[in-house]
There are 2 protein chains.
Amino acid sequence: MSTVLAENDDLSGAEKVFAFFRDALVDGSLKPGERLLGERELSLRLGVSRPVLREALRSLSMLGFLDIRHGKGAYVRQADINVLSDFFTFSLAQQPDILDDVMQARIAIECQAIRLACERATETDLKHIGSRLTQLMDTLHDPMDGGAADFAFHQAIVEASRSEALVTLYGAIGELLRRSHVQRREVTVSEPGIVDYLVEAHREVFLSIVERDADAADRKLRDHFAIGDEFRRRSLISAFTRRPQT
Amino acid sequence: MSTVLAENDDLSGAEKVFAFFRDALVDGSLKPGERLLGERELSLRLGVSRPVLREALRSLSMLGFLDIRHGKGAYVRQADINVLSDFFTFSLAQQPDILDDVMQARIAIECQAIRLACERATETDLKHIGSRLTQLMDTLHDPMDGGAADFAFHQAIVEASRSEALVTLYGAIGELLRRSHVQRREVTVSEPGIVDYLVEAHREVFLSIVERDADAADRKLRDHFAIGDEFRRRSLISAFTRRPQT
DNA sequence: GGCCTTACAGTGGTCTGACCACTGATTCCC
DNA sequence: GGGAATCAGTGGTCAGACCACTGTAAGGCC
């Protein structure tokens, strides 16, 4: 790699360039914030044409590792989770019926996150979660806002875990969850007792964190998910019972 | 979108094309296995030049959604998790010290997976996990093989959960875990009692699944992780106590 | 006739060189 | 001195050509 990239045949040009940058990123010779040379200069150095170089740069940019700004240049960027979220969104979209299964991942992440939150949450974190709870109670009537508030509450818990990895993974399935939250609310909003239940369940979860009782918090959260499933099932049954033609 | 892509200004050409394909993939109008039109034809239809089209295609290919074969054409592909794994590997590589944090994600996924495994595991799954356990016992002496066997055992549990989403996420952090397994074994292999402990802990976990006791399995797994941490801590302490110069 | 070889058409891969569009700084004019 | 015009540098796009690979169909050989 010292000279440029020279060897590494059997790889096509663009892939060589791509691999070159990947390695440079991994081994730290390219740091976030750094500016790359111009495309013309770079293509000369790497021994490929500008279009080929651009293919590689564009790919890296799509993956979130480069920030390319018209008229300014290309900058190395700390990859963020938006790409991951995109990826999951249309990777999992290819497999229908996966949405229910994503719920399993959600339970996994949140239950571990809430345990960590019980240990690590700061006062600020608790306040944050609390304010989301208030918001949730204020939007119970509206599927759209209510779903968003619900999601925000759970997200605040995950953030309170102070675990980058958990937050990252949660962000990755976040877009899918956000949609499903709204959908679920639309289905269950008319179910009797749902409003009272929602408030109570979320408050209990919140209180467990405040009391820093990890086992209890985990249990309450699992119960919350299980009962949510139950509500949805009941609501679907009644929907099909009341108007089987629709 | 009916005509081609027409509107959607403010996006650069390649991004328009990229978005076009992403949408087509998400809404199912492009199915895995399908063959795209040739680059020349496609660039005409989409109203962009071939290089620009290629930038988008290459990006999609890097993301794993296209399989481009020289001389044959571009085929839609079901995205697999290798891309994700790659992504995590060098996204998280940018943040040192994240490896410990990945452990949190691991605990999250495995603890939920083992609960599901208790409900869903087939006889074949159980046999599979069992054989991995045997393999683990046969390779206790070797950090390399032992680490691999350890990882394989845990992976078998996740697979027994029969949850695509969990398996996918686990695969995403798999490469990082695999490395850390070997590293951990190297650190703790000389710790007194570690061998007996490893066998016992894994066997108890396995038995809990066989007995289909979800709560117990979850607890045993958490204990296993906690005790593993303890062993590593102890081993680090003694290493620095015995030979502070090294 | 059957098999192997060759030629060809179609496809992705690469290159060149040009021009456009945006950005930021410099310069010029008021 | 402040604002506007200019300009160099950069990414964005394009057209057209040629190379390399693949599969097939035509041709020739046995």
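No experiment lies behind these values; they were computed from the predicted model shown. Each chain gets a letter, A, B and so on, in the order its sequence line appears, and its residues count up from 1.
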Name the nucleic acid region contacted by A:Arg69, choosing base, sugar-phosphate or nothing; use a 4.0 angstrom heavy-atom cut-off, strictly under.
-> sugar-phosphate
Starting at the 5' end of DNA chain C, which residue's closest nucleotide do you reach first, A:Gly71 or B:Lys72?
-> B:Lys72
Would you call the rings of A:His202 and A:His154 parallel, tilted or perpendicular if under 30° counts as parallel and over 60° as perpendicular?
-> perpendicular
Polar atom pairs (N or O), protein with nucleotides 15-18 of chain D, under 3.5 Å:
residue: D:dA17; atom: N6; partner: B:Arg50; partner atom: NH1; Å: 3.4

Answer yes or no: is there a donor N or O on one side and an acceptor on the other, between the side chain of B:Asp145 and the main chain of B:Thr139, under 3.5 Å?
-> no
A:Leu66 CG to D:dG12 C1', in whole Å, measures 16 Å
Heavy atoms only: give me the nearest A:Leu136-A:Asp150 pair and the separation to one decimal.
-> CD1-CA, 3.7 Å
From B:Leu116 atom CG to B:Ile157 atom CD1, the distance as rounded to the nearest 0.5 Å = 12.5 Å
Output for pair (A:Gln104 CD, B:Arg162 CZ), nearest 0.5 Å, gives 14.5 Å
Nucleotide D:dT13, atom C1' - distance to NZ of B:Lys16 in whole Å | 11 Å
Positive for salt bridge (charged side-chain N to carboxylate O under 4.0 Å, His left out) with A:Glu39, one of A:Arg50, A:Arg58, A:Arg45 = A:Arg50
B:Leu37 CG to C:dT11 P: how many Å, rounded?
-> 9 Å
Rounded to whole Å, the CD-C1' distance (B:Glu39 to D:dC21) equals 13 Å
To the nearest 0.5 Å, what is the distance between OG1 (A:Thr134) and CZ (A:Phe206)?
-> 8.0 Å
Whole-Å gap separating C1' (C:dT14) and CG (A:Leu53) | 13 Å
Mind calculating the distance between CD1 (B:Ile68) and P (D:dT22) to the nearest angstrom?
-> 15 Å
Taking the side chain of B:Val52 as its heavy atoms from C-beta onward, which of D:dG12, C:dC15, D:dC14 lies nearest to it?
-> D:dC14
How close or far is atom C1' of C:dC15 from atom CZ of B:Arg54, stated in whole angstroms?
-> 11 Å
Give the rounded distance in Å between these two atoms: CG of A:Leu42 and P of D:dG9.
-> 17 Å
